[in-house]
4 protein chains.
Amino acid sequence: MQTSWEEPPERGRPRRSGADEAILKASRELMFEHGYAGFSMDEVASRAGVGRQSVYRRWPSKAALVVASMTWTFDSPDVFKDTGSFEGDLRAGLAIMRDLYGQSSTDIFGDVYFAMASDSAARELFNRNYVAPRRESLARAIERAIARGELREETDAVIVSDMVSGPFLYRILIGDYELNDSLVNAIVEGVIKVFGTGQTTDVVTPPSGT
Amino acid sequence: MQTSWEEPPERGRPRRSGADEAILKASRELMFEHGYAGFSMDEVASRAGVGRQSVYRRWPSKAALVVASMTWTFDSPDVFKDTGSFEGDLRAGLAIMRDLYGQSSTDIFGDVYFAMASDSAARELFNRNYVAPRRESLARAIERAIARGELREETDAVIVSDMVSGPFLYRILIGDYELNDSLVNAIVEGVIKVFGTGQTTDVVTPPSGT
Amino acid sequence: MQTSWEEPPERGRPRRSGADEAILKASRELMFEHGYAGFSMDEVASRAGVGRQSVYRRWPSKAALVVASMTWTFDSPDVFKDTGSFEGDLRAGLAIMRDLYGQSSTDIFGDVYFAMASDSAARELFNRNYVAPRRESLARAIERAIARGELREETDAVIVSDMVSGPFLYRILIGDYELNDSLVNAIVEGVIKVFGTGQTTDVVTPPSGT
Amino acid sequence: MQTSWEEPPERGRPRRSGADEAILKASRELMFEHGYAGFSMDEVASRAGVGRQSVYRRWPSKAALVVASMTWTFDSPDVFKDTGSFEGDLRAGLAIMRDLYGQSSTDIFGDVYFAMASDSAARELFNRNYVAPRRESLARAIERAIARGELREETDAVIVSDMVSGPFLYRILIGDYELNDSLVNAIVEGVIKVFGTGQTTDVVTPPSGT
DNA sequence: TCGTAATCGAGACGGTACGTCAAGTCTTGAA
DNA sequence: TTCAAGACTTGACGTACCGTCTCGATTACGA
């Protein structure tokens with residue numbers, strides 16, 4: 001996965017290997033300890049054992065670094081893997097998301113969305129490295145489902161994406177409620193009832209739960 | 001609607017009438033122009049034609065002011081009004097939300113959620129003045145629907161809230177897509193198919209639209 | 001003596017009295033300890049017990065502060081006092097300059113001239129507060145001397161100024177030699193022989209010495 | 001004239017011929033354009049079409065390079081040539097200095113003196129390559145004048161040097177006035193009246209001018 | 001009518017972080 | 001060993017802005 005915003009040049013002294021990762025790691029630690037505010041580039045650099053300029057060489061701003069480090073932390077390349085049925089794919093993906101977000105504090109995500117919103121370089125990084133892969137993973141699952149006859153041909157992948165990820169995001173950002181199976185079930189049921197053909201594959205999907 | 005965090009004292013020179021509103025308005029303008037970053041208390045004060053202390057006298061921090069001003073801007077007390085049928089209530093409410101958020105830039109909301117995340121006083125204010133009224137409005141619509149026999153008795157208002165607001169928020173924060181009727185239709189259909197009894201009232205609900 | 005570059009405004013909270021002086025003093029200390037390089041605004045502020053912004057509020061740049069503090073340190077309002085004869089005035093002034101510069105390290109002056117040269121605000125400050133008063137003091141002494149008949153009417157004050165201060169400056173900046181009486185004598189003799197009328201007042205001037 | 005601080009080694013790839021000069025030239029250009037501040041080794045290197053290390057291989061520090069380049073620029077080996085009379089020698093030398101410094105901006109010299117003050121290696125270089133040759137040239141002129149009977153035997157060359165160069169330096173650093181013939185005349189007259197024997201050679205010295 | 005109390009605009013205050021810049025050193029592959 | 005290129009650490013610069021404090025002036029109410 002590519003993390004920094006720009007390719008390093010090919011001539012001159014090569015970048016110190018491992019520095020990227022050290023910075024991302026230090027950045028993550030500080031995010032979990034102090035959040036976006038109370039997180040300083042100085043501190044990141046010194047924890048990563050790196051000069052400050054080396055941080056700015058890789059990411060153009062604090063916001064971009066934060067987004068990159070969170071993207072790197074919550075990365076999971078193919079969320080909606082092929083389990084044999086669309087409902088299975090969906091449940092597997094939602095389980096991953098639940099485990100990923102469920103264990104973290106709410107504040108982190110507000111901070112990430114803030115960083116994203118307030119910096120265009122950060123936004124681009126976030127869309128490229130985080131949102132796009134998830135959308136594509138879901139789009140592939142939808143294509144498989146259409147091929148299997150589980151979903152209707154005109155199924156709008158963008159809307160499905162909104163219906164799947166939206167409630168999660170909303171509960172994380174706003175809710176005082178945990179990410180539980182009831183929510184997952186409602187989401188799965190909603191998507192399938194709205195876009196489904198009524199036909200399911202013979203892979204028996206469990207009625208609830210991970 | 002109450003905006004500032006604390007009641008003014010009753011003795012001494014009374015507060016300048018109109019100052020609250022001038023500050024909120026200046027605050028809103030700056031949010032729309034520059035977002036949370038690139039928004040300074042100094043600028044707010046000078047735009048509102050007010051000393052800086054007068055701002056801090058009314059709101060304890062930048063985050064609190066931002067939340068207050070956004071709450072004030074996007075206020076709409078009873079979103080899900082009684083139209084005679086649950087589907088009608090839902091569509092009416094979603095239409096309000098679509099019109100409200102649809103016209104704003106994406107960035108504003110990331111910023112508001114950040115302000116919320118980074119300041120517990122602000123979060124309380126936001127939940128009290130913004131989220132709670134919407135949830136209660138939806139809860140009342142759900143109760144009406146249960147009474148009419150449109151939704152099942154065990155319908156979980158929190159999950160419905162997540163399913164309704166979540167996709168909107170997601171599309172606003174992430175999406176490059178507009179808030180359109182397809183999304184509204186999918187949300188309505190999803191909620192009704194998951195929690196509905198199959199029975200509808202004889203009030204004809206329009207197939208789409210505002 | 002006015003030290004900072006601009007008058008403080010008359011409204012709002014007044015500037016902390018004594019802060020100017022504390023900053024100049026801290027600045028002087030650091031100059032004598034470390035010179036211009038190895039002198040940081042941060043250190044000045046912290047030594048003066050003052051926020052950094054309070055320093056920049058008073059002087060627009062490091063260079064301006066250094067010049068101001070040196071000007072303040074080496075201030076001596078009326079160098080060429082009236083002693084009754086031009087030669088006396090000149091010797092008195094040169095004695096002051098010798099004592100002032102003779103005891104300091106060479107480097108300080110290089111630094112001051114550098115700061116002056118590299119910053120126009122600093123240059124203006126230096127000219128206004130340091131060079132001009134000395135020139136005027138000398139100009140007055142010359143006028144007295146012309147009135148007494150000691151110097152010719154067409155005596156050019158600027159050239160006299162160059163002939164008096166120049167050799168001092170040169171020896172301070174370049175020379176490895178101390179500021180001694182031989183130099184003072186030569187300067188005095190030179191000026192009087194070039195611009196004098198040949199007539200002296202009856203105040204007997206000693207042939208050499210302080 | 002030797003410019004760099006150390007002899008190149010004799011083995012390995014030989015240094016690129018012309019690089020020394022290219023660096024000095026780039027250095028001079030930048031000094032005239034931006035002064036000491038706003039002059040960076042990076043910029044020097046890139047203007048000279050040279051790697052940064054190649055600059056540091058030749059001069060140990062920025063200060064040393066600046067002094068070297070200024071020395072190289074204002075080089076004029078034998079300033080006070082033998083014209084047949086002391087006054088002639090003096091006038092010839094002062095004319096050279098006037099032409100040399102008169103055309104430059106004031107700031108350059110403050111900067112050079114600073115570079116000198118802040119770096120002992122640079123100071124040594126400056127004294128060796130710039131100040132010393134001028135002093136020796138003047139000292140030779142003085143010896144010739146003593147031999148001719150124009151100056152008294154006990155004439156102190158150091159003081160003469162101060163009296164000659166000081167006013168020039170002072171006017172360059174401080175003055176807002178140009179280097180003109182009045183100053184030159186006053187200097188010449190001063191030196192001759194203070195240290196002269198009263199006797200002049202029969203070489204007619206022109207009353208003023210280059 | 002006067003004092004008390006809280007307001008007002010203005011702006012200084014200490015503090016903290018930002019992002020930039022430059023110095024001088026180190027490391028690459030190629031010559 | 002040099003070369004050009006460019007990474008590296010270090011540290012200061014000047015700016016911005018937060019939230020607090022302080023000034024003189026103003027405005028109400030109550031004794």
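Atom set for the values below is all heavy atoms of this structure, side chains included, hydrogens, waters and symmetry mates excluded. In what follows, chains carry the letters A, B, and so on, assigned in the order in which the sequence lines appear, proteins first and then strands, with residues in each chain numbered from 1.
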Just compare E:dC18, F:dT9, E:dA23 and give me whichever is closest to any side-chain atom of D:M41. E:dA23
Whichever of D:G51 and A:A19 has the more 5' nearest nucleotide on DNA chain F, that residue is D:G51
Taking only side-chain nitrogens and oxygens of D:R52, does any of them come within less than 4.0 Å of OP1 or OP2 of E:dG24? no
E:dC26 phosphate, OP1 or OP2, under 4.0 Å from A:R16 side-chain N/O: no
Shortest side-chain distance from B:R15, nucleotide among E:dG19, E:dG24, E:dT7: E:dT7
Test item: A:R128 and A:L125 side chains (from C-beta on) under 4.5 Å apart, heavy atoms: yes
Return whichever of A:P14 or B:K62 has its heavy-atom-nearest nucleotide of DNA chain F closer to the 5' end. A:P14
Which nucleotide sits closest to the side chain of B:Q53: E:dG9, F:dC21, F:dG14? F:dC21
Between F:dT2 and D:S54, is there an OP1 or OP2 to side-chain N/O distance shorter than 4.0 Å? no
Evaluate whether atom CD of B:E33 has more than 12 neighbouring non-hydrogen atoms of other residues, nucleotides or ligands under 6.0 angstrom away. yes
Taking N and O atoms by type only, does the side chain of A:R13 place a donor or acceptor under 3.5 Å from a partner on the base of E:dC26? yes
Is there a side-chain polar atom (N or O) of A:S61 under 4.0 Å from OP1 or OP2 of E:dC18? no
Counting C-beta onward and ignoring hydrogens, is there a side-chain heavy-atom pair between D:Y36 and D:K62 closer than 4.5 Å? yes
